[in-house]
Structure formats: C-alpha cells, structure tokens
Amino acid sequence: MPARPQAAPPSRILLFEGAPALRDYLRLHLETAGYAVSIAEDAAGVERSLSLRTPDLVLTGAGGNGDEGLRLLRHLRGKLTTSAVPVIVASDRSEILAQARAAGAIGLPLPVTREALLRVVAAQLPAEQLPDQDAARALRIDVPTASLPSTASRPGPAPDPSSTQFLLRRSGQQGGGRSSALASQELRTGTVLFADIRNFSGMAEMLTTQELADMLNAYFVRACEPVLQHGGWIVKLLGDGLLALFEDGTEGPGHAERALKAALLLCVVARRFDDWMAHRFPDKGLPDFSIGVGVHTGNVMLCRLNTGAGIDTTIVGDTVNVASRLEEQTKKLGASVVTSMDTLKQAGSRFDTGKRGSLLVRGRAFPVEMTEVVGLQPRSGAGSRHAETYRQIAEAVARNTAVIVRVRDRLLNETHRIRALQQPSLMRPADSPVKVPGFRLIRRLGQSGMSRAFLAEYEKTGALRVLKVVDIGNGAVDLLQRFEQELELVSQIRNPHVATVFEHGKTDSHAFIAIEYFPGGDLRGRLSGPLAPEKALAYVCQIAEALVAVHAKGIVHRDLKPDNIMLREDGELVLTDFGIAKDLSRNLNQTTRGEALGTPYYLSPEQTITGQVDPRSDLYSLGIMLYEFLVGQPPYRGEDPLTVLQKHVHAPLPILPEELARFQPVLDKLIAKKPEERHASAEVALIALRELNAVR
C-alpha cells in the first residue's frame, strides 16, 4: 500500500498593516483558519520578511493616506522573486480599490466579515496550498503579542454594510451623525457561550494596569481561536468575559455541538495560558489561571445600535441570560463547563458529563436542567492521534476544575470579623415575623418587596447585627441563588469603608445574611442642606476609597447614593447594599423590558440608555453625590423619573457656584456623559479628589 503523502505546510501570508486594530483582526482570522502569518508594520519589516522567504500571498491595508499599500504593490511587482505573488489590498476607499485592481491586485472592501476575508484569500491560492482543517488544529496556540480589537466578525455570505453582521471598520473611523435609537432587530436561533476568568479580581490586585491590559489582550487572542475555528462569532468582550454565538448555516456539526467543543477547548487555552502567565509574571505569585464557561441554546435577539461612533451589535434575550447564569454556576458546582440539558441533547452523545443540577431563572416557570461537561469522545473509527487530542482536552478540563474547586473551598472556609456592640431590649415575640436560628430579632429596620431588614442580636456573642431576610418560599429558588452569588462577591472585600459580611444561611422559607450594624444610620439622614466643602470632600474621598476596593474585586455597585452609605459610631462612612436585598425583592413579573437598575437621581447615562455598566458608572454616581453634598440637592431633578433620566443623558453639565469653582474640573470629569471621558478608575478619581485639599 503506498505511503500516505504528508500534508503540505501551511500557506505563508505576509500581512502589511500599520493600524493595530485592523492588523490584529486580520491576523486572528487568518491564523485561526490555518495560515502561517508574518507581520510587517513598515517598509523595513517587509524587506526583512521578504529576505527570509517569499510569501504565497501578500495582504496589505491602504494605510493612513491611502498609498502605502499601493507603493508596496508596485515594489513587489518590480521584483523578480515577487512579481507573481498574489496581492490583496484592503481599503474602505473606492478609489484606492480601483487603483489596486488596475495594478493587478485584488481589492478587498472594508468593512469585511471573516468568511468574506477567508473566501477572497482562498481564491488566490492553489487548492493544494489551502490549510488542512484537521481536528487537532484547535489545540494549536500561538504566541501573538498584539491585542485583539473590540469587535470580530460573524460568518456570512458577503460583506454587506446594511446587514446585521458584526463588522469591523478601520481603527479610528468615526460614524457620522448623532447617536440614535435601536437601528434594527433580528430574531436568531443558536447556541450562546459565555466564558469568564475565575479569580480575576485577585489577579487584578497583583498586577499594574498595563500588566492587566497585556494579560487580557494575550488571553483574548487565544480564547477567540476555538470559538472562531468552530464557526462561532465573538459578540462582545466584557471586561474579563467573552460572549459568543454559534449558528447553523454551513455543513457539518450543529451549533450546539460546535459550541460545546469550543467550550472544552477554552479549558485547553486556559491550561496553556497559565504557562504564559508564569513566564510573563514570574515574580508576582499569581493564582493559577482558570475559566468558567456556560452554554445554552435557544432564540436570541440580534440588535444593531448606532452609537454615533459606529454600529454596535449585540445579542439579548433569555438564552443569553441563561448562558450567563450557567457560567456563574461553575463556581458553585465546582465545574469548568456547565450547559443546559437541552443543549446537550442537541449536541449529541459524544460528550462526557459529570455533576447535574437545576437552575430556576427569573421569568421561567420551570427550572433549567443543567450538567457539567468534562470531556469529548472521538468519533467512531478515529485514529490514535485524535484519541490523544481528546485525552488532552479531558486533562485540561480536569485541571481547570481543580483550580475552581480549590478557590471555592478556600473562600467558604474564611472566617469573618465579629464586631461587638451594646444590646438594647428585645422585640416582643408577637412582633417577630420570621424565625432565624441563632438570632433574636429586636426591631424592623425596613422592608422592600420580599426582603426585610431587622436589627438582631447574635445569641452566641450578644453582638448587634443587621439581618437581611429574603422570602424564598413558593419555589423561588432563583432568589436564593442570586442572594448567594451577591454574597460570594461582597464577602471577599476587606476594607474599612465597605460593610463587613459576617455570615449567611437559609431556613425552609427564608434566606438571610448578617452584616455589620450601623447605629449612626445612613448618610441621607445627615443631608439637610449643603455640607461644608471640607466635609463634602472628606465624605466623597471615603466613598471613593470604598469604590477602589469594590472595583478591584470586579464588582460594580450600580446604585451608589447617600441611602447606601452608612455611618459608624466614629463617623466613618461605609458603603453597603450591593443589591443583596433591593434586586432580590423585585417582583418576578414586574421587570419591564429595557428597565434600568439604580436610583434615577444618581443613574449614569449609559445605565439609562443600554443598562450596560462598568466601574466608571459608579464614578458618575459619585460625582452626582459630590454636587449634592456641595449644593444641597442633586443636579438633575424632574416631576417624574423619566424626566430625570433624560436629563442625565441630554442636559448640560451643572455649574457650581463661584465660591466652589475649584471643584468644577473634578466634578466635570466625574459626571462626563461618556464613560471614556471620565476618570479611568476609582484610584485616579481618588487622587484627583485628594489634590483638591492642596488648593484650598
């Protein structure tokens, strides 16, 4: 029997592009399709690359003035060794494309989808030079050094600017006109994958801002590979999270199977990226790198929004929410990949599963049955090489899971500080609406929907604590899960300006959390008019210190206001109420579409428009409080919440009285309408606030 011919080496593509976003985008799609890509950022880089080896194809952008790509084209055509090499010139200018075609090159209009790019590239190469899409290729992880742009392509038939496909425009290009409302919506069916880095907040505390950016850039370039290789498209990169959608439309496995394969391969990426972390940060003592992945199948609404700086595409709906919730369950189950049973059934019988459970999701009458996915079996008749590939996958998943379990168990075993206080007289038994073992309720502090807050005595020590109780009866398991998820985040924070969480538990009908008691009440009770500038500044600095600690854990408060700022007996301010009660108490049937979370007087413009928040949203709320402390009332008021929200978005920035003018620059920075125009972080804002003391 004749020997099987060896596979040809991957086609070599020289990529000449100076704009980082476009260069990294093109490189990512070419490399994940199996091409060997060499990068040249300038003419000298081109010459160095050509001196080493003649490429099979050259792909170049037009450049800032539109002539760099054409100059390279003329240079290549004038050299004997490269005169016949195919050249593709990518540009968003029709005149440049026309000149490229006239000179014998291929013109590639921008923006371009992944599939359109690969189709044009493949058309310029002989069939024998096209990459071999071998199953084991998904395990290949290169070491690119550049960052991934914030958008990626969705597979589609052609680059149609009017379609709902996710497109990339040249870095720095601005959309015309003012931002508008929702441009278009389209219902799709597919499988959503949501992946997040475990213990990211711990890493963030140990790295500088630049180091953290380098880490995320390197990780996302690698994490996108298995998604793109299995026909998914990257919807969003959200902090340390990745949101992707898999759809049908091509021959081969269905979207559920491809999504679960990509999820498992992300664990391989995590395993190898842990080695990268150790090499890049050898002296940091960072925790082991791991991820959690949630996968769910169903309908999504694909939305395109004109933001004023281009088209922003996203997906929303129950399927996205469930995938995100399943990802959260990886921490509780001690699993790497958690999927719904519906997705598993569609994906086929080749997947190995582990722990199982049920997840009650808000708005659903029945729970989502979920399962851990731990591996994948080779197809019948697959060779030993394929078996080794799947063994490596299972090994990577097991290792990733072990890291998750280790971190989870450590957090569960941490003890919390107990603060003893004086004991007032106890509540009469007839006034006690709930029974919580170990506590004697003294008096009710407040109530909201299904949540109530009580002053209680901890029987073992006699210490006073605030007991927040949430009704989880009538099958409201979802409330308990959200309660526990919020607790897991908040209990990690150790800062004098953040409320201490002592313990939590549940009875047959209630879940409860015991937190620090503040006899001084909340800050709202101290605001009867303008504060002295020095006191206002001191208060805002303390709140900013709390935000530094909160944001370091990856938490966005979302409802920063004087009502959630408490006072200790010594007058020290403490940030509390991270949504533990207020969000859980919302009636399951009263959540309206497009509803923004937060209090209207302090809500950031982005919360009003899209509901999307990041730490800069809290800085906006901090700025609103700074104005209120100085002037005696919030800057934006109205007869109804909608009027107030519209003012946050459209009204001009408020002007402080002349005697408070020294606060104006910091205030303007805190409450800028666009998040990117605010302080980059709470740390930066705190520095700016403290510097005000020097100019009194």
Side-chain angles (χ1 to χ4, degrees), residues 138-139 141 190-200 216 219-220 222-246 255-274 288-298 300 315 319-344 346-347 350-357 359 368-376 390 392-405 407-408 485 554:
L139 289 175
I141 298 179
T191 299
V192 174
L193 178 152
F194 187 77
D196 214 356
I197 299 174
R198 295 277 76 87
N199 201 26
F200 177 73
L216 286 176
Y219 166 69
F220 278 131
R222 291 158 173 79
C224 288
E225 289 190 12
V227 173
L228 298 173
Q229 287 171 336
H230 286 81
W233 61 284
I234 309 300
V235 181
K236 294 283 185 182
L237 302 180
L238 307 165
D240 60 316
L242 182 154
L243 176 64
L245 177 65
F246 295 76
H255 50 74
E257 180 179 349
R258 289 184 282 111
L260 284 182
K261 285 182 180 177
L264 292 172
L265 289 169
L266 280 171
C267 296
V268 179
V269 170
R271 173 65 188 91
R272 298 189 178 184
F273 193 69
D274 187 58
D288 293 333
F289 189 88
S290 63
I291 61 168
V293 189
V295 184
H296 184 56
T297 300
V300 300
I315 56 175
T319 304
V320 180
N321 178 47
V322 172
S324 175
R325 295 290 308 281
L326 291 173
E327 183 274 328
E328 293 174 355
Q329 292 301 306
T330 61
K331 291 178 283 189
K332 299 191 176 302
L333 290 178
S336 296
V337 178
V338 175
T339 187
S340 61
M341 292 300 297
D342 290 341
T343 300
L344 183 65
Q346 294 189 41
R350 294 174 54 208
F351 292 92
D352 298 325
T353 60
K355 298 180 285 290
R356 295 192 178 187
L359 175 67
V368 175
E369 298 300 323
M370 60 184 179
T371 183
E372 174 189 21
V373 180
V374 298
L376 177 64
Y390 296 118
Q392 292 183 41
I393 293 174
E395 185 179 84
V397 173
R399 180 265 174 195
N400 190 84
T401 300
V403 175
I404 293 174
V405 171
V407 173
R408 181 196 64 182
Q485 289 159 8

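The structure presented is a predicted model; accordingly, all values stated were derived computationally and were not measured.
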> On a heavy-atom basis, which atom in T401 and which in G334 lie closest, and how many Å separate them?
CG2-O, 3.1 Å

> Can you name the closest pair of heavy atoms from A195 and V293 and give their distance?
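Scanning both residues completely, I find the closest heavy atoms to be CB-CG2, 4.0 Å.
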
> In plain terms, say whether R222 and E225 are close enough for a salt bridge, that is, a side-chain N and a carboxylate O under 4.0 Å apart.
no

> List the atom of A396, the atom of C267, and the distance in Å for their closest heavy-atom pair.
CB-O, 3.7 Å

> Which residue in the set D352, T353, I393 passes side-chain contact (heavy atoms from CB on, under 4.5 Å) when paired with V374?
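Passing option: D352.
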
> Examine distances only and state if a side-chain atom of S336 and a backbone atom of V397 form a donor-acceptor pair shorter than 3.5 Å.
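Pair found, side chain donor or acceptor close to backbone of V397.
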
> Would you give the length of the straight line joining atom NZ of K331 to atom CZ of R198, rounded to the nearest 0.5 angstrom?
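CZ of R198 is found 5.0 Å from NZ of K331.
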
> Could you grab the distance from atom CD of E327 to atom CG of L193, nearest 0.5 Å is fine?
10.0 Å

> In chain order, what residues pass the side-chain hydrogen bond (donor to acceptor under 3.5 Å, both in side chains) check against S340, with sequence neighbours excluded?
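H296, T343.
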
> Please answer whether the main-chain N or O of K355 pairs with a side-chain N or O of E372 as donor and acceptor at a distance below 3.5 Å.
yes

> Which heavy atom of A347 sits nearest to which heavy atom of L260, and what is that distance?
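Closest approach of A347 to L260, heavy atoms only: CB-CD1, 3.6 Å.
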
> Please name all residues satisfying salt bridge (Lys or Arg N to Asp or Glu O under 4.0 Å) with D240, sequence neighbours left out, ordered by chain then number.
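Checked D240 against salt bridge (Lys or Arg N to Asp or Glu O under 4.0 Å); zero matches.
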
> Of all heavy-atom pairs between P226 and L265, which one has the smallest distance, and what is that distance?
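Between these two residues, the closest heavy atoms are CB-CB, 3.7 Å.
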
> Provide the full list of side chain to side chain donor-acceptor pair (under 3.5 Å) pairs with a residue in residues 259-271, sequence neighbours left out, each pair given once.
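Side chain to side chain donor-acceptor pair (under 3.5 Å) check on residues 259-271 returns E257-K261, R271-D275.
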
> In Å and rounded to the nearest 0.5 Å, what is the OG1 to CE distance from T330 to M370?
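Interatomic distance, T330 OG1 to M370 CE, rounded to 0.5 Å: 10.0 Å.
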
> Suppose we screen for side-chain hydrogen bond (donor to acceptor under 3.5 Å, both in side chains). Which residues come up paired with Q346, at least two apart in sequence or across chains?
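Residues passing side-chain hydrogen bond (donor to acceptor under 3.5 Å, both in side chains) with Q346: none at all.
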
> Check whether any side-chain heavy atom of T319 lies under 4.5 Å from a side-chain heavy atom of V192, and answer yes or no.
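In short, these two side chains touch, coming nearer than 4.5 Å.
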
> For E395, which residues count as a side-chain contact (heavy atoms from CB on, under 4.5 Å) partner, sequence neighbours excluded?
R391

> Taking salt bridge (Lys or Arg N to Asp or Glu O under 4.0 Å) as the test, write out the residues that go with D196, two or more places apart.
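Applying salt bridge (Lys or Arg N to Asp or Glu O under 4.0 Å) to D196 gives none.
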
> Restricting to non-hydrogen atoms, name the atom on L228 and the atom on W233 that form the minimum distance, rounded to 0.1 Å.
CD2-CA, 4.5 Å

> Could you check N199, D274, N400 and say which one makes a side-chain contact (heavy atoms from CB on, under 4.5 Å) with S290?
N400

> Do F351 and L264 make a side-chain contact, defined as non-hydrogen atoms from C-beta onward lying under 4.5 Å apart?
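Result yes, sub-4.5 Å side-chain heavy-atom pair found.
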
> With sequence neighbours left out, what residues match A223 under side-chain contact (heavy atoms from CB on, under 4.5 Å)?
Y219, L242, L266

> For A259, which residues count as a side-chain contact (heavy atoms from CB on, under 4.5 Å) partner, sequence neighbours excluded?
T191, F246, V295

